[in-house]
Amino acid sequence: MRLTQITHHDLDGYGAATLVAAYAEPARIVHVPRYGDVGPVVDDELKRLGKTKAAEMVLITDLGIEEPTIAFLRRFAAMNRKRDPEAQHRLVVLDHHTSSIDQMRRQNLEPKADAENPRLSRFDLGDPAVTVLIDENASATKMVATHRALFATREADPARAGDLALLVASVDALDLWRKEDPHFPGGFALDEIFWDNVGTLVPVGHPAHDPFIARLLLEATAKLRTGATPAELERAVPAIRGAIVDALMRDEPDDDATLTTRQRMARALARSDALFHALPDGTLLSFALDAGTFQRVSDLVMASGRAKRLVNVQRAGTLSFRSIDGTALDGARLFRGGGHQDAAGGKLPSGTAFSLSDAVAQVEPVLNPPKSAAADSPFAALKNWKG
């Protein structure tokens with residue numbers, strides 16, 4: 001069964017994704033930075049699932065449950081009831097926010113206490129294919145480990161068992177702010193490593209992004225397991241990151257190990273079809289590349305002749321344009337921006353973007369507005385003719 005995970009864009013959300021990948025093969029992982037963005041994400045997912053013929057599973061982790069999510073749960077259950085039994089989707093929600101229980105109660109969904117864990121609440125949506133669990137005493141990462149039977153298709157690599165267990169304990173201590181827990185310092189160090197690296201080399205949404213971050217977290221945890229202090233771990237991160245890039249670039253034809261990791265990854269990203277969406281005017285749009293990487297990638301793409309203009313959209317809604325034909329500023333001006341002829345920036349009207357497809361939906365109509373029916377009329381050229 002195809003698995004899609006929707007999870008929070010923080011250490012606990014990525015910890016949960018790392019654990020899921022240890023026990024299954026997610027087809028897609030969607031990271032949501034703000035709880036306010038959950039509504040559009042799950043709405044898109046519901047539309048997609050309504051069109052699919054085969055049964056799929058959606059796993060939602062570490063996203064506080066608010067009204068839009070509850071509406072999604074009910075609409076999911078209603079949609080599922082209309083599908084053939086063998087084509088019914090499965091939905092698993094693992095959350096740990098107390099406020100989520102409050103929100104569920106406001107929508108007349110009362111929790112049912114678990115007999116073995118009094119802090120675990122279960123909710124009945126009237127569909128046995130929908131499982132909603134909220135555990136106030138566990139991080140999402142720990143919940144994934146505890147309830148993996150709900151989605152697992154394999155056992156984890158035995159060689160990684162110790163690292164996975166320590167990752168769970170460290171993230172759990174950090175996310176619940178248990179400062180007295182001996183795992184808290186390690187969790188704090190992992191949190192710093194996560195934020196320093198989550199957006200720098202491989203952007204969110206790229207196929208290599210989650211494997212990159214998962215391996216980084218596990219390799220860092222392995223250092224902790226062998227007794228490294230947070231300071232020693234911090235100093236070891238560049239070597240860990242370099243080894244991961246070595247593995248990623250092993251089959252790249254023009255890799256140059258004498259370059260920095262960012263320069264090496266930029267070469268691979270510049271050739272990646274998955275990174276870009278081509279707009280009708282030939283502009284290539286990317287999502288969530290950090291500023292330094294986008295500069296290198298855009299230079300390489302334009303030098304190769306693949307495009308004359310690129311635009312990168314950040315989660316925060318900022319846009320960066322680069323060009324070799326003087327049109328970067330033209331694009332930025334359409335988004336209340338400015339700058340140089342070939343390097344300029346602007347801001348999305350909505351303020352944020354949560355995915356490549358969302359960025360495309362906001363940028364394309366502005367850069368390439370659809371023609372009106374009148375413009376295609378054979379009489380359009382005569383409109384202003386005075387004869």
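Side chains included, hydrogens not; waters and symmetry mates left out as well; all remaining heavy atoms used.
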message: Applying salt bridge (Lys or Arg N to Asp or Glu O under 4.0 Å) to R309 and D325, what does each step give before you reach the verdict?
response: CA-CA 8 Å; R309 183 170 71 177; D325 58 0; over 6 Å; no
- request: Evaluate side-chain contact (heavy atoms from CB on, under 4.5 Å) for K308 paired with T283, printing each intermediate quantity in order.
  value: CA-CA 7 Å; K308 293 183 178 179; T283 300; over 6 Å; no
field: Check against salt bridge (Lys or Arg N to Asp or Glu O under 4.0 Å), E56 and R48
entry: CA-CA 11 Å; E56 296 189 18; R48 187 188 68 79; 2.8 Å; yes
task: Verify salt bridge (Lys or Arg N to Asp or Glu O under 4.0 Å) between E232 and K223, making sure each step is shown before the conclusion.
output: CA-CA 9 Å; E232 290 169 337; K223 289 286 185 183; over 6 Å; no
- request: Apply salt bridge (Lys or Arg N to Asp or Glu O under 4.0 Å) to the pair D37 and R34, showing each step before the final yes or no.
  value: CA-CA 5 Å; D37 293 328; R34 306 183 312 172; 3.2 Å; yes
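Judged purely by atom type and a 3.5 angstrom limit, T221 uses its side chain to pair as donor or acceptor with the backbone of L217. A donor-acceptor distance shorter than 3.5 angstrom exists from the side chain of D10 to the backbone of G13, with no hydrogens or angles considered. With hydrogens and angles disregarded, no donor-acceptor distance shorter than 3.5 Å links the side chain of R322 to the backbone of V297. Distance alone, capped at 3.5 Å, places no donor-acceptor pair between the R81 side chain and the D127 backbone. Between the side chain of R148 and the backbone N or O of A152 there is no donor-acceptor pair closer than 3.5 Å. Checked by atom type and distance alone, the side chain of N117 pairs as donor or acceptor with a backbone atom of R119 at under 3.5 Å. With H340 contributing its side chain and D342 its backbone, the two residues share no donor-acceptor pair below 3.5 Å. Although no hydrogens or angles enter the test, the distance criterion places a donor-acceptor pair under 3.5 Å between the side chain of Q263 and the main chain of T260. Remark: side-chain polar atoms of R267 are not paired, donor with acceptor, to backbone N or O of R264 under 3.5 angstrom. Remark: side-chain polar atoms of R336 are paired, donor with acceptor, to backbone N or O of K347 under 3.5 angstrom.
Put simply, the side chain of L348 does not reach to within 4.5 Å of the side chain of T318, judged on heavy atoms. For the pair Q5/I60, no side-chain contact is recorded, criterion being any heavy-atom separation below 4.5 Å from C-beta on. Inter-residue side-chain proximity for L167 and L218 is flagged as met; some heavy-atom pair is nearer than 4.5 Å.
Side-chain contact of D12 with T141: a donor-acceptor pair under 3.5 Å is present, judged by distance alone. For the residue pair D299 and Q295, a side-chain donor N or O sits within less than 3.5 Å of a side-chain acceptor on the partner. Looking at H31 and D210, their side chains do bring a donor and an acceptor atom within 3.5 Å of each other. The closest side-chain donor-acceptor pair between S139 and D172 falls under 3.5 angstrom. With 3.5 Å as the limit, one finds no donor-acceptor pair spanning the side chains of N312 and S320.
Here the rule is salt bridge (Lys or Arg N to Asp or Glu O under 4.0 Å) with E219, and of R160, R225, R241 only R160 fits it. The one candidate from I65, L133, T131 that meets the side chain to side chain contact (heavy atoms under 4.5 Å, CB included) condition with V93 is I65.
Residue A156 comes nearest to L164 through the heavy atom pair CB-CD1, 3.7 Å, listed as atom of the first residue, atom of the second, then distance. Of all the heavy atoms in A24 and T153, the pair that sits closest is CA-OG1, 3.6 Å.
Ion pairing between E45 and R28 holds under the 4.0 Å rule for side-chain N and carboxylate O. Using a 4.0 Å cut-off between charged side-chain N and carboxylate O, R262 and D290 make a salt bridge. Using a cut-off of 4.0 Å between Lys/Arg side-chain N and Asp/Glu carboxylate O, D273 and R306 are scored as salt-bridged.
Between L174 atom CG and F184 atom CZ the span is 5.5 Å, to the nearest 0.5 Å. Rounded to the nearest 0.5 angstrom, F321 CZ and Q341 CD are separated by 13.5 Å.
W177 and F188 have tilted rings, their planes meeting at an angle from 30° to 60° on a 0 to 90° scale. Aromatic ring pairs are classed by plane angle as parallel below 30°, tilted from 30° to 60° and perpendicular above 60°; the pair H89 and F76 is tilted.
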